[in-house]
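Below: one structure, written as structure tokens.
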Amino acid sequence: MLKLAKLNGKPEIFYSIQGEGKNIGRPSIFIRLSLCNLYCNWCDTDYTWNWEGTPYPHQNDQNPRYKKYQKELFMMELSNEEIIRQIDSFNCKNLVITGGEPLMQQKELISLLNALREPDKAYHIEFETNGTATPSKVLDIQTDQYNVSLKLSNSKVKEKDRLNERAITFFAQSPKANFKFVVDRENDLHEILKLIKQYNISPEQVYLMPQGTNPETLRQKQQWLIELCKQYGFNFTDRMHIHIYGNKRGV
């Protein structure tokens, strides 16, 4: 049984477009798993990990109406059969498994991935991951693409928690991986350059994305971010779903 994020009493499985990264604009089915091993200050899916009783601060703490989440109200378990039934109802073969951090549930994912690889299914499977966990050989065989979002110090996550040398080395050497960096300010570039040099990551694999949960904030950052991409040969990625739908869930 996989642990999924719960939205309005139902699992957060939805059909939309990929709003970020290499496949931006591609119609995709999203499965949002619950649980995360990090605690990014600006996380917009904090309902997958910021449970009552945890010590982690969040930028929304300044909002008097914001409070940590009750796990039983925002997480549910679902069988492979029910997950497959729901995704089969959409006319789409691009599947994005996101979170939270989906690779926290690798063992539980294997049987689902095997079923999705049956000839009558043939889904293209992407993982959105923070790059702190190394995929097993079995999971890697069943995966088409990794969208790796290594966290910078702007996440306010301790470096020892957000950078795993073994995992980053795996992804840097994988032809299936691309790297997306959430950029909040221009001096974040120093960290990005250090990481791509240390792990020999090709600029063609790198996507820079502005940090923001509303169109105005994204537009304010995109111009200087695009110039950095031109200068270093990186790719720019917006957050298309924010411009289209706003900061909403399940779209």
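All heavy atoms count here, side chains included; hydrogens, waters and symmetry mates do not. Remember, predicted model here, so these are calculated numbers, not experimental data.
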**Study point:** Full working for side chain to side chain contact (heavy atoms under 4.5 Å, CB included) between Phe127 and Thr143
**Key:** CA-CA 8 Å; Phe127 276 96; Thr143 302; 3.4 Å; yes
Review point. Would Val183 and Ile192 satisfy side chain to side chain contact (heavy atoms under 4.5 Å, CB included), going step by step from the backbone distance to the final call?
Key: CA-CA 9 Å; Val183 182; Ile192 296 169; 3.9 Å; yes
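At a threshold of 4.5 Å between non-hydrogen side-chain atoms, the residues Pro11 and Ile31 do not count as touching. When side chains are defined from C-beta on, Leu163 counts as touching Leu195, because their heavy atoms get closer than 4.5 Å.
Here the CG atom belonging to Leu112 is positioned 4.5 Å from the CG atom belonging to Asn80, to the nearest 0.5 angstrom. Atom CG of residue Asn235 and atom NZ of residue Lys180 lie 13.0 Å apart, to the nearest 0.5 angstrom. The distance from atom OH of Tyr146 to atom OG1 of Thr129, rounded to the nearest 0.5 Å, is 9.0 Å. Met104 CE to Asn130 CG: the interatomic distance, rounded to the nearest 0.5 Å, is 9.5 Å.
Gly25 and Met240 get closest at one heavy-atom pair: CA-SD, 4.1 Å. Counting all heavy atoms, side chain and backbone alike, Asn60 lies closest to Tyr66 at O-CB, 3.2 Å. Shown here for Leu33 and Thr48, the closest heavy-atom pair between the two residues is O-CG2, 3.9 Å. Closest approach of Asp61 and Pro57 over heavy atoms only: OD2-CA, 3.4 Å. Residues Asp188 and Asn154 approach most closely at OD2-ND2, 2.8 Å, considering heavy atoms.
Classification of Glu52 and Lys68 as a salt-bridged pair fails, no side-chain N sitting under 4.0 Å from a carboxylate O. Between Arg219 and Asp238 no salt bridge is recorded (no basic side-chain N to carboxylate O distance below 4.0 Å). Note on Lys221 versus Asp184: salt bridge recorded, some NZ/NE/NH1/NH2 to OD/OE distance being below 4.0 Å.
Residue pairs meeting the ring-ring contact (aromatic ring centres under 6.0 Å, His included) criterion with at least one member in residues 73-102, sequence neighbours excluded, are Tyr15-Phe90, Tyr69-Phe74. Sorted by first then second residue, the side chain to side chain donor-acceptor pair (under 3.5 Å) pairs that include residues 83-98, not counting sequence neighbours, are Ser28-Asn94, Glu82-Arg85, Glu82-Gln86, Asp88-Lys121, Asp88-Tyr123, Asn94-His124, Asn94-Glu126, Thr98-Glu128.
Formation of a donor-acceptor pair under 3.5 Å by the Arg32 side chain with backbone atoms of Gly99 is found in this model. Looking only at distances, a side-chain donor or acceptor of Gln62 sits under 3.5 Å from a matching main-chain atom of Gln59. One N or O on the side chain of Glu101 and one on the backbone of Leu103 form a donor-acceptor pair closer than 3.5 Å. The main-chain N or O of Asn50 is never found under 3.5 Å from a side-chain atom of Thr54 such that the two would form a donor-acceptor pair. No donor-acceptor distance shorter than 3.5 angstrom exists from the side chain of Gln145 to the backbone of Lys22, with no hydrogens or angles considered. Under the 3.5 Å distance criterion, the side-chain polar atoms of Thr237 are matched with a main-chain donor or acceptor of Gly21. Between the side chain of Gln205 and the backbone N or O of Ala177 there is at least one donor-acceptor pair closer than 3.5 Å. Not a single donor-acceptor pair under 3.5 Å links the side chain of Glu77 to the backbone N or O of Leu4. Looking at Arg239, its side chain does come within 3.5 Å of a backbone N or O of Gly212 through a donor-acceptor pair. Between the side chain of Asn23 and the backbone N or O of Arg26 there is no donor-acceptor pair closer than 3.5 Å.
In terms of hydrophobic clustering, with Ile, Leu, Val, Met, Phe, Trp and Tyr side chains grouped at heavy-atom distances under 4.5 Å, Phe234 and Val148 are assigned to a common cluster.
The side-chain hydrogen bond (donor to acceptor under 3.5 Å, both in side chains) test applied to Thr213 returns no partner, not counting sequence neighbours. With sequence neighbours excluded, no residue satisfies ring pair (Phe, Tyr, Trp, His ring centres under 6.0 Å) with Tyr199. Listed by chain and number, the residues in a side-chain hydrogen bond (donor to acceptor under 3.5 Å, both in side chains) with Lys6 amount to none (sequence neighbours excluded).
For the residue pair Arg166 / Asn164, no side-chain donor-acceptor distance below 3.5 Å is found, with atom types taken as modelled. Checked by atom type, the side-chain pair Asn114/Gln142 shows a donor-acceptor distance below 3.5 Å.
Other members of the cluster containing Val96 are Phe14, Phe30, with ILVMFWY side chains joined at under 4.5 Å, either directly or via other members.
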